[in-house]
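Beneath this line is the structure, given in C-alpha cells, with notes to follow.
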Amino acid sequence: MTTFNFCAGPAMLPVDVMAQAQHEFINWQQHGCSIMEMSHRSKSFIRVAAEAEQDLRDLLNIPTNYKVLFMHGGGRGQFSAVPLNLLKAGQTADYIVSGAWSTSAVEEAAKYGQLNVQNIRQTDANGSRSLIAPKDWQLTPNAAYVHCCPNETVDGIEFTALPDSQSPIVADLSSTILSRPIDVCRYGVIYAGAQKNIGPSGLTLAIVREDLLPTKESIIPSVLDYRLAAENDSMFNTPPSFAWYLAGLVFKWLKQQGGVTEMATRNQIKASFLYDYIDKSDFYSNDVDTAYRSWMNVPFFLADERLNDMFVDQSEAHGLLALKGHRMVGGMRASIYNAIPLEGVQTLVSFMQEFERVNG
Ligand code: PLP
C-alpha cells in the first residue's frame with residue numbers, strides 16, 4: 001500500500017530524496033562512513049554545504065546582498081533571534097497577528113522590546129475566517145521591522161500581499177517557503193524551520209539582508225547572532241549537518257522538478273482539488289474565506305464530529321497518515337507540502353468520498 005503522510009511537520013519528504021538518503025546513509029559517496037559522522041570542517045561537507053546554499057539561492061533567486069544562514073533552534077528560535085538582532089532600545093517593532101504562530105512570535109518578542117501588535121483576523125458576514133488587507137494595517141512610522149507569518153500552519157490561513165512599508169518586513173515562512181516563487185527583495189529577513197518543505201527538523205533557515213546584521217558589540221546569544229553565523233558560514237558551532245545535507249538533496253530535487261514555479265503550479269492544483277471537493281460536500285467543510293485559504297495546510301471539519309475518531313482510524317488504515325487536526329482547531333488537517341504528489345490528494349479525496357457515502 002502506498003502511504004501519504006499529511007503531517008504538518010515533521011512532514012513528508014520527496015520519495016526520491018529519501019531513497020537517495022537511504023542509499024547513502026551509512027556509506028556516503030564511498031567515504032566508508034555516513035555524512036552525519038563526518039566533520040563539518042571537512043572538505044567534503046563544506047562542498048555539500050556550499051552546494052546546498054547555492055541551490056537555494058538559485059531556487060529563490062536570492063540577491064547577493066542577502067546572507068543565507070543555516071541555523072539551529074527552529075522557528076521558535078527565530079522568534080527570539082529576530083528581536084535580539086533587529087530591535088534596538090527605544091525602537092518599536094510591528095507584529096501582525098494572523099493566527100497561532102504569529103501569536104507565539106509576539107509572546108516571545110515581547111520579552112525583548114516594545115511591540116505594536118495588530119490583530120488582522122476577522123470574521124466575514126457569512127461567518128468565514130478572513131484577514132484584514134495590508135493597506136488597512138496600522139503600522140508604526142520607522143518601526144524597526146514588521147513581522148508577519150504569511151502562512152499560518154495551524155489555522156490554515158494565508159496571505160500573499162505585503163504592506164508598502166519603509167521598515168523591513170520579517171516573515172516566518174516556515175510552512176510556505178519553496179511552495180511558489182517569492183520576491184526576496186521585498187523582505188528584510190525570511191526565516192523557516194526546515195521540517196516542512198525543506199528537510200528534517202533541527203535545521204532553520206534565515207535569509208538576512210546584509211544591512212540588518214547586528215553590530216559586533218551586541219550581546220545576542222552567539223548561536224542566535226546573525227552576524228556571527230554569517231561571518232562563520234553558519235559554522236560558528238557545529239551545524240545540524242545531516243539535516244543540512246538532506247536539505248541539499250531536497251533543493252536538488254526541486255531544481256530537477258522545475259523549481260518553485262513548477263511547485264506553485266502543482267500546489268495550486270492540489271489545493272484546488274481538495275477545497276473544491278470540500279466545498280461541494282455537505283459532509284465536510286472549511287471555514288476560511290476563499291481568498292485566504294492556505295495552499296499548504298487545509299483544515300476541514302466533519303459535519304458530525306462524533307465521526308472524527310473513526311475518520312482518523314480508517315484513513316490511517318488506508319495509508320493516509322496524520323490527518324487529525326491541530327488540538328487548537330479540532331477537526332482534520334491535511335498538510336499538502338511540496339512532497340505530497342497530486343496522487344496523494346486524489347487518494348485522500350477518494351477516501352473522503354467513500355467515508356461520506358458510508359457514513360453520510
Ligand atoms: N512558525 C510556523 C509557521 C510553524 O508552522 C511552526 C511549527 O510548526 C513554527 C513557527 C515553530 O517551529 P519550531 O517547532 O521549529 O520551533
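Just follow the structure's listing: the first ligand is 1, and inside any ligand the first atom is 1. This is a predicted model, so every value here is computed, not measured.
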For this session: Could you list the residues that satisfy side chain to side chain donor-acceptor pair (under 3.5 Å) with Gln54, not counting sequence neighbours?
Result: Asp58
For this session: State which residues pass salt bridge (Lys or Arg N to Asp or Glu O under 4.0 Å) with Asp279; sequence neighbours excluded, sorted by chain then number.
Result: Arg293
Problem set entry | Stepwise salt bridge (Lys or Arg N to Asp or Glu O under 4.0 Å) test for Asp289 and Arg129 | CA-CA 6 Å; Asp289 181 335; Arg129 286 188 288 132; over 6 Å; no
Result block: side-chain N/O donor-acceptor pairs under 3.5 angstrom for residues 310-322, not counting sequence neighbours:
residue, atom, partner, partner atom, Å
Ser315, OG, Phe311, O, 2.8
Ser315, OG, Val312, O, 2.9
His318, ND1, Gln314, O, 2.9

For this session: Examine the side chains of Tyr337 and Asn267 and answer whether a donor and an acceptor come within less than 3.5 Å of each other.
Result: no
Atom pairs, nitrogen or oxygen, ligand 1 to protein, under 3.5 angstrom:
residue, atom, partner, partner atom, Å
ligand 1, 1 (N), Asp172, OD2, 2.6
ligand 1, 5 (O), Trp101, NE1, 3.3
ligand 1, 5 (O), Thr153, OG1, 2.5
ligand 1, 5 (O), Lys196, NZ, 3.4
ligand 1, 8 (O), Lys196, NZ, 2.7
ligand 1, 12 (O), Gly75, N, 3.4
ligand 1, 15 (O), Gly75, N, 3.0
ligand 1, 15 (O), Gln195, NE2, 2.9
ligand 1, 16 (O), Gly75, N, 3.2
ligand 1, 16 (O), Arg76, N, 2.8

Problem set entry | Glu51 and Lys255: CA distance, side-chain angles, deciding distance, salt bridge (Lys or Arg N to Asp or Glu O under 4.0 Å) verdict | CA-CA 13 Å; Glu51 252 180 62; Lys255 283 178 131 180; over 6 Å; no
